[in-house]
Amino acid sequence: MKVSIGEVVLPGDYCDEIFSVGKKSKVIIGPGLHKEVDRVYITKAGVLKKKNPNTYWVDNYQKRYIPARGENVIGVVVQKAGDIFRVDVGSSMTAALSYLSFEGATKKNRPDVQIGDVVYAKMLVACKDMEPELVCVDSNGKKGRMGILSGGFVFKCSLNLVRKILNPNCPLLDSLKNEWPFEIAAGMNGCIWIKANTMRETIAVGNAILGAEYSSDEEIKAMCSNIATILAGHVS
């Protein structure tokens with residue numbers, strides 16, 4: 001069945017608009033889409049979305065992460081195998097992370113990575129015929145915000161919630177940062193790491209994020225205000 005941007009789609013549907021645009025300029029197709037010779041087919045149930053200029057994907061509710069190249073993820077180191085660390089990112093298999101994938105890493109200057117450490121990394125290789133591969137540096141060899149996440153608290157949520165809070169139009173993070181300082185790293189694999197000044201504030205941020213999944217913008221703002229009031233009362 002032929003579909004358009006913004007419609008509810010099912011596996012097997014196709015979108016001629018994406019294919020026609022791809023003939024004239026570069027098109028990026030994300031999760032839920034697959035290009036054949038003469039069409040772009042839908043592989044997931046959800047809503048077909050577009051981000052200007054020419055990025056397309058299917059927005060759907062899921063908890064199982066399917067690795068996609070270029071996405072930032074949060075994982076836990078579960079094994080050391082020679083020069084490779086095995087990282088659990090919530091997919092069907094663990095991802096490989098080389099010790100050379102850290103800023104400034106050499107054979108003599110190895111990063112201090114232990115089993116159980118939480119890492120924030122970028123998906124470098126994501127192919128159904130190969131194991132996922134992670135890096136903790138950007139294209140310039142700089143770590144930026146990636147690397148080992150020390151302290152804090154990690155919890156899992158739906159992939160849909162991660163996309164929601166990372167949306168610039170979502171008021172959640174802006175409302176929270178106006179109330180108290182905290183650090184956050186959100187992985188596209190449904191893992192979120194947060195760290196505030198106290199454990200009480202860290203848990204409050206986590207509860208606010210989980211409570212925002214099915215809330216409107218007005219409800220999110222009211223919830224953040226209520227949490228700030230309760231925390232202020234405990235402090236006083």
Side-chain angles (χ1 to χ4, degrees), residues 3-11 13 30-33 42 44-53 55-66 68 70-76 89-91 118 120 123 145-146 149 151-236:
V3 295
S4 301
I5 306 301
E7 293 184 350
V8 175
V9 295
L10 296 173
D13 293 344
L33 299 174
I42 311 299
K44 293 182 180 179
V47 179
L48 184 59
K49 295 291 187 71
K50 175 185 178 182
K51 179 181 178 181
N52 292 325
T55 300
Y56 302 86
W57 75 98
V58 176
D59 188 10
N60 69 330
Y61 183 90
Q62 68 180 66
K63 290 189 175 181
R64 167 65 69 180
Y65 176 62
I66 300 175
E71 290 186 339
N72 290 346
V73 298
I74 295 175
V76 179
V89 294
S91 63
V118 179
Y120 186 45
M123 190 67 65
R145 298 182 178 180
M146 291 181 284
L149 299 175
F153 176 68
V154 179
F155 62 94
K156 294 185 177 181
C157 63
S158 69
L159 276 61
N160 185 63
L161 178 56
V162 175
R163 290 192 294 265
K164 179 175 181 176
I165 66 173
L166 292 180
N167 189 324
N169 296 325
C170 180
L172 176 65
L173 297 183
D174 285 336
S175 299
L176 289 176
K177 73 180 182 181
N178 291 332
E179 303 296 344
W180 61 85
F182 65 93
E183 299 177 64
I184 182 171
M188 296 305 296
N189 59 330
C191 286
I192 296 178
W193 173 86
I194 51 178
K195 183 179 181 181
N197 292 331
T198 65
M199 181 57 69
R200 183 183 297 276
E201 291 180 355
T202 300
I203 294 176
V205 173
N207 288 335
I209 292 174
L210 292 175
E213 183 164 6
Y214 303 108
S215 302
S216 64
D217 290 351
E218 292 74 18
E219 290 172 338
I220 290 175
K221 293 178 181 178
M223 175 181 62
C224 294
S225 179
N226 291 337
I227 291 176
T229 302
I230 294 173
L231 286 178
H234 282 286
V235 172
S236 60

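Atoms considered below: every heavy atom in the structure, side chains included; atoms not considered: hydrogens, waters and symmetry mates.
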Are any of the side-chain heavy atoms of [X] and [Y] separated by less than 4.5 Å?
| X | Y | answer |
| --- | --- | --- |
| K44 | I66 | yes |
| L48 | D13 | no |
| C224 | L172 | yes |
| Y56 | I5 | yes |

How close do [X] and [Y] get, heavy atom to heavy atom, and via which atoms?
| X | Y | answer |
| --- | --- | --- |
| I74 | A185 | CD1-O, 3.0 Å |
| A204 | W180 | CB-CZ2, 4.2 Å |
| S175 | K221 | OG-CG, 3.9 Å |
| I194 | G206 | CD1-N, 3.4 Å |
| L173 | I165 | CD1-O, 3.8 Å |
| P171 | I220 | CG-CG2, 4.3 Å |

Kindly compute the distance separating [atom1] ([X]) from [atom2] ([Y]), expressed to the nearest 0.5 Å.
| X | Y | atom1 | atom2 | answer |
| --- | --- | --- | --- | --- |
| E219 | Y214 | CD | OH | 13.5 Å |
| T198 | F182 | OG1 | CZ | 13.0 Å |
| I203 | F155 | CD1 | CZ | 11.5 Å |
| C157 | E213 | SG | CD | 7.0 Å |
| N189 | L159 | CG | CG | 7.0 Å |

Problem set entry | S91 side chain to Y65 backbone, donor-acceptor under 3.5 Å |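 Not confirmed, S91 side chain does not pair with Y65 backbone.
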For this session: Only counting residues at least two apart or in another chain, list the ones meeting side-chain contact (heavy atoms from CB on, under 4.5 Å) with N72.
Result: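 So N72 forms a side-chain contact (heavy atoms from CB on, under 4.5 Å) with Y120, K122, M146.
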Exercise. Tell me the salt bridge (charged side-chain N to carboxylate O under 4.0 Å, His left out) pairs involving residues 153-175, sequence neighbours left out?
Worked result: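 Qualifying pairs: D59-R163, D174-K177.
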Seminar exercise, completed: So the salt bridge (charged side-chain N to carboxylate O under 4.0 Å, His left out) pairs with at least one residue in residues 182-196 (sequence neighbours excluded) are none
For this session: Begin with the C-alpha distance, continue with both residues' side-chain angles, and end with the deciding distance and a verdict on side chain to side chain contact (heavy atoms under 4.5 Å, CB included) for V47 and V58.
Result: CA-CA 5 Å; V47 179; V58 176; over 6 Å; no
Exercise. Please walk me through it: do I209 and I184 pass side chain to side chain contact (heavy atoms under 4.5 Å, CB included)?
Worked result: CA-CA 11 Å; I209 292 174; I184 182 171; 3.8 Å; yes
